[in-house]
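Accompanying notes for the structure given below.
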Amino acid sequence: MIKKIKDFLGVDIKNDKYALVDDEIFGKVAKSKKPDKWIRSTCGYCGVGCGLYIGVKDGQPVYTKGDPAHPVSKGTLCPKGLSEHEMVRANNRLTTPLVRKDGHLAPVEWDEAFKKASEAFKDVAQKHGKEAVACISTGQLLTEEFYTLGKFVQLGLGSNNYDGNTTLCMSSAVMGYKQSFGSDGPPGCYEDFSHADVIMLIGANIADNHPILKLHIAKNKKTTGKKPTIIVVDPRHSKTANMADIFVPLKPRTDLALINGLCHIIWEQGWADESFMREKASGYKAFVKHIQNYPPQEVANITGIEVKVLYELARIYAGADKAMSAWTMGVNQSALGTDTVSAICNMALMTGNLGREGASPFSITGQCNAMGTRESGFTSSIPGYRNFASSHDREEYASIVGVPTEIVPDKRGYAYPQIIEGIEKGEIKALWVVATNPLVSYPDQPRLRAALKKLDMLVVQDAFMSDTAQLADVIFAAATWSEKDGTYTNSERRCNLAKKAVEPIGKSKSDFHIVVEFSRYFDGAYELLFEGWEDPRDAFAEWQKVSKGQLCDYSGMSYEKIETLGGIQWPCNAENPDGTPRLYHDTMECTTEDGKPKFICADWEPMAENICEGFPLVLNSGRTVEQFHTRTKTGEIAILDNLAPEAWIELNPKDAEKLQVKSGERMGISSPRGRIDDLVVKVTEGVREGNIFVPFHYNTELINTLTQSLFDPKSFEPNFKQTAVQVHSEKVPEGIVFPQTEIVGELSHDKVTEEVSGVKVEEKVAKS
Ligand code: SF4
């Protein structure tokens, strides 16, 4: 890979590390391409939020280079960032609005596309109610666009069935934070990686998914004078495990039991910070009683991690002056995701690792602006983390934006899986999909595809001809990164400026302009919501007013200040004019009733899907550094796609021996929901015996054909990571039996859940 990147750049790369390309090298490359100008901006792929410059030549993006002054990335970029300019003019860009005519998508003018979509939305609302129109958005838009879209869907269309693909990756972190701290909001920051004595990465393959974060870990020794102890907890020996001092290869989906067990040992051994537990947090007595249910031997049986290793882990974590625990999808994408997030927060609380430099629980987001969508309102909150159920919150929001309080929804809407279930039931008849591609990313594809056929109208707004766009009745052609202005907020609450460098391709428009112009097709909506709005600055100005005084306070920011400082971490206001690196430090209360973080008593449960003779292997899905999400953005970039052009199966050598297959041969996989074929085999010790791994990005080897309709009952996040499967090869000997995994039992999702904000949720989670 390094060689290919070198070939691509045409230069040598220092230190044999692709992520450490410096400005001098880019200077040489830039010379050959001779951009007319460089525009300072932010990467539009993942939630790390790297700063970069876009090289523009003759009005086209021709180069991307790291911004040496940016505090997140300090001049570095990963392969996706380095080739981002190629995405802007990729072959699969949508350059004009399209409307389906006689079964085919035909180019039209914007007026025709807006008329067709608006008439269908109005017709559905009139016949079936406003909530029969739903919207699923993304973590890819700019905050100004999220704010504008949410305002229009909820107050203009009058539907609260508005969620995003962020429910597929980050909603468990959101709900876990709400349970533990009263509000969403990652407490720590990247700088903490440079200060911690112990870094525990749980279900987080940062080497593939957030590679630039390694810079902050690499800085640690220089900052602290000693190397931190890095603990990697993951069923799979990912590239990140290579960084570990201690690798903890636990059984799939046993992380909650592991954390509870470590808490048990920390308490038992007197290693807890008892005064912090008593004085700074609430619920400690019940919590101490709760963790007695997780004695070390039982936890060892559940997790597959030896008792002596559990004691060692607990000793190292609790013994650190500063311990940081960070996680991503391995934790979130689970039917127990919310509670596992709270368990990680529990462990931080019982050791006093909160609100201090280098000492924090910390979620790492997947998409460039997953934070923006969480903050600016969606199915479970009014913009600014306000509560639908609170009349105070509704009145306050209505008064700030100048609308009647009655039009602000008083209850949460459907989450993403509930929207799909609503389509299945015939409750939802029209769907507006914005910058996401459920036809690859959503679990249980056979069920999803059957549901989408029931829609009266599917509108897809995207910059790319995605798999989902190909099914649409109407397509709104959107501008993408570098073609529009606004802000992204990264995993550490840092609001970065993403600037327009070139004009949108063809007739495409920014998502901001699409929504504002579309609103004119609904009587009075534009006048009520967007009168006088001309560009994203208007949305940002209102967002600043709406967020003022809330935890996610943007009121002290301006575009100019954000650029000068290289991003600003919220809350940013009169008291913290340059932003706030960490939440919940000594002078800052949580948004819980007593102002204290809470201990949450959360129980582990076994995997829902039985591993049996017919489906004896556990399928884990995940990502690879070369591709992004469903490849709409990266599938046409040769340098990336050539490195990872197709999905593969990682298979343990013992399983490969039983199956008599070798690396490079091809196999199929099936689950109770379907089958995919012709995946290339990679035999590796990286996966446990009885487990396989397949990356999820590919529509050609669609792994979500196999995954389950199983969701966390609090966050509605899908349980992507553990699916019972069988593998198929001509060489499989008759009657082969794999080792049985002892995981049994079923989770019932047919239950009413208590939403952590205190609102009763009457709807049931989609049943498997
Ligand atoms: Fe972009 Fe993420 Fe890569 Fe940074 S790490 S360059 S934000 S994809």
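On a predicted model such as this, the values are computed, not experimentally measured, just so you know. Order of appearance sets the numbers: ligands from 1, and atoms from 1 within every ligand.
Ion pairing between Lys633 and Glu636 fails under the 4.0 Å rule for side-chain N and carboxylate O. Comment: Lys322 engages Glu357 in a salt bridge, judged by a side-chain N to carboxylate O separation of less than 4.0 angstrom.
Near Tyr45, meaning under 4.0 Å from any of its heavy atoms, are these atoms of ligand 1: 8 (S). Within the listing of ligand 1, atoms 1 (Fe), 6 (S), 7 (S), 8 (S) sit less than 4.0 angstrom from a heavy atom of Cys43. Heavy-atom contacts of Gly49 reach the following atoms of ligand 1: 7 (S) (cutoff under 4.0 Å). Heavy-atom contacts of Ile212 reach the following atoms of ligand 1: 4 (Fe), 5 (S) (cutoff under 4.0 Å). Against a heavy-atom cut-off of under 4.0 Å, Gly81 is close to the following atoms of ligand 1: 6 (S).
Here His216 contributes atom NE2 and Ser194 contributes atom OG; the two are 6.5 Å apart, rounded to the nearest 0.5 Å.
Taking all atoms of both residues into account, the shortest heavy-atom contact from Pro71 to Arg494 is CG-NH1, 3.5 Å.
The closest side-chain heavy-atom distance from Val434 to Asp511 is below 4.5 Å.
Among the backbone and side-chain atoms of Cys50, an N, O or S atom lies under 2.8 Å from atom 4 (Fe) of ligand 1.
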Side chain to side chain contact (heavy atoms under 4.5 Å, CB included) between Arg93 and Ser508, worked out: CA-CA 9 Å; Arg93 281 298 306 276; Ser508 68; 3.9 Å; yes
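Of the heavy atoms in Cys46, both backbone and side-chain atoms come closer than 4.0 Å to ligand 1.
Scanning all protein heavy atoms for the shortest distance to atom 6 (S) of ligand 1 gives Cys78 N, 3.5 Å.
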